[in-house]
Amino acid sequence: MVTTMKSDVEMELTLVPDVSGLLHEQSERSKRIKMSASDVKVFYGETQALHGVSMEIMENEVISFIGPSGCGKSTFLRCLNRMNDTIEGARVEGRIILDDQNIYDTALDVVQLRAQVGMVFQKPNPFPKSIFENIAYGARLHGLAEKKADLADIVESSLRRAGLWSEVKGRLDQPGTGLSGGQQQRLCIARAIAVNPEVILMDEPCSALDPIATSVIEELIDELKRNFTIIIVTHNMQQAARVSDRTAFFHLGDLIELEKTADIFTNPKNKRTEDYITGRFG
Amino acid sequence: MSTDINQKRPRIADQVSASLRRRHARERRFRLLGLVATLLGLTFVAILFANIFIKGIPAFWQASITLDIYFDPAIVSIPPEPVREAKESDSDFRQRRVSWENEVGMVNFNRLIQNALTAKIAEAADYPRDAARIVTSGERLALRDLVIKNPGIVGETRQMHLLTDANIDVWLKGNIDRNLPDEQQQLSARVRDWADQLYADGIIKMRFSTGLFTNPDSRSSLASAGLRGAFMGSLYMMLVVIALSIPLGVAAAVYLEEFAPRNRMTDIIEVNINNLAAVPSIIFGLLGAAVFINYFKLPLSASVVGGLVLTLMTMPTVIIATRAALKTIPPSIRQAALGIGASPTQAVFHHVLPLAVPGILTGSIIGIAQALGETAPLLLIGMNAFVASVPASPFDQSNALPVQIYLWQGNELRNFFEGRTAAAIVVLLALMLFLNGLAIWLRKRFETRW
């Protein structure tokens, strides 16, 4: 089930022809394994949500998780920054390594992990504070800025990287909740990158957005992968095909297939993957 | 198929319209019922308020007599005010001062009032017992205090407004049947005639009764009975309640809602907190008497004990209100904070709790307003005792506003205290209204729009 990337990509891409170039560029750079999971099992009370998932995630790649509802893709995503810890009765087994560190090691502080592995949620959830405070919060929390000017720099650069600066620069003191849905989601992305994480987890970041806002976010993801490793859960297969280098298909708590995006959409190895992609279930 | 459906359609429409009439009728009946209930409730509130205000508002104005008091040196024959000597110690001077004040207290100030009265009513000199009924007995203390404050007044004449006896106030306001025979009247026929005469001459007038707000309760001089002692007692109690119940209640609620694991133990705690909110308040009074007074030996009748008892009563309300407010904060806010790397405590104190503040404040202030109006538990810790002084600290004996109302409405001089009681209720209601207004204002001020 675990696959590593091949060095060159000479594939026909019927679904997303324009991605091939990017994919090529990507494969040249990402040789290093950023995160690796081995035999991760998750239990919610008595029910087992994940039956032993293993995978490796490369540095600076965009990897997307697809699969029908309840397949465990979000559960696995939330294991990667231990957000499952916050759910009562959730229990995680197995090992997840970030760089050289087991993130479930008792010696590791979860606060530090979450600074390294940021997260963007399904519904845009800005704090009901000003736009500036939304971005500044994380930096202040981790003591990234000593002076006020530093903080303002972090806010500006984060908003710039999230492609939101030009839209909000005149109203940083206004509430973040007053922005449109798509802007709110980019604000949340800016908030996540303000603490300069290494990995960004996105849990269906566009499911509450309209198609135009969605395409803006997708372009942003393309932009962000230069600096970050991005793991995205999506219900939208076209989105997976558009934004990701590799795609993982989950079904009933199992990782069924993890291949290069181009492969999985054109030539799935597994019958269930094929059925799902062609719309026979899910 | 499609024609089949088309044929059925008219019949369904008929059925619907037949039942529709019944449904509409039911809806109308229900609305009418609601309207009647609302109007009935409003009527009762209107009657209650009208009753209280009609009785209470006149009590804020009280009969007082204008007299030219001559501080006759022959009557006010006091030694000179002590002056501090060079080598005298603090305590020695204070002792001399107190004994001087005691000596001033020995002066028969009633004589001054009598003399001044004689200037207005010539016969007063012949009937000293009747004349003594005009001005309420507490006013001689006002004269004494004046002399102590300013001994230079001796030998001068001052025009003063003195409260008349409570019975004269009752008589002039028409709160007693004027046709009752003499033996059933509180005042002699002569005093009644004098009062009418003085009132007609404008020497006795209804003046705004500041004494109602500045004096403590009194039984010897009913006309000067005031709310100050009870007001201060209630104030101290509320300070204790606010200082204890809000921090403790909010802390308990935050822990239970945000941090405590969900298990049998916390379930039991939750059920018991809800039950505690429904415990009759008099039981908290018993608890207070047993624990705070018998065990911890706190002083009887002190507002600190009242405050502690009311804290016990208010805390469940605060906990429930706080938990309800915390529940309304969407979990996405907690996740957002945790996702950036805030610790659970930081997520709660930076984001969740500040957002819950309007709800917490509203609930807490309602709880405090409830405590302000509570009487029953205070009876059991001795706060229904007659206290004729203004408490200087929460450890002094004191009354509380609702208890004062209870005491006054049981006073023998019904005709006078019916008005006083209503006036005290007006004061209490005004305080409650102020607190509730504050709650609404705070909620509006801190409310966040998503």
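So you know, we letter chains A, B, ... as the sequences are listed, proteins then strands, and number each from 1.
Salt bridge status for Glu61(A) with Lys34(A): absent, with no side-chain N to carboxylate O gap under 4.0 Å. Checked for salt-bridge contact, Lys169(A) and Glu156(A) miss the test: no charged N lies under 4.0 Å from a carboxylate O.
For Val195(A), the part lying under 4.5 angstrom from a heavy atom of chain B is the side chain only. With a 4.5 angstrom heavy-atom cutoff, Arg140(A) does not touch chain B via any of its atoms.
Comparing Gln122(A), Met119(A), Gln116(A), His142(A) by how many heavy-atom pairs each has under 4.5 Å with chain B, the most go to His142(A). If you tally non-hydrogen atom pairs under 4.5 Å between each of Pro261(B), Ala336(B), Ser343(B) and chain A, the highest count goes to Ala336(B). Of the listed residues (Met83(A), Arg114(A), Gln112(A)), the one with the most heavy-atom contacts under 4.5 Å to chain B is Arg114(A).
A distance of 6.0 Å or more separates the ring centres of Phe127(A) and His350(B).
Distance check: Asp105(A) CG to Leu98(A) CG gives 12.5 Å after rounding to the nearest 0.5 Å.
Under the 6.0 Å distance and 45° angle rule, Arg82(A) counts as a cation-pi partner of Tyr104(A).
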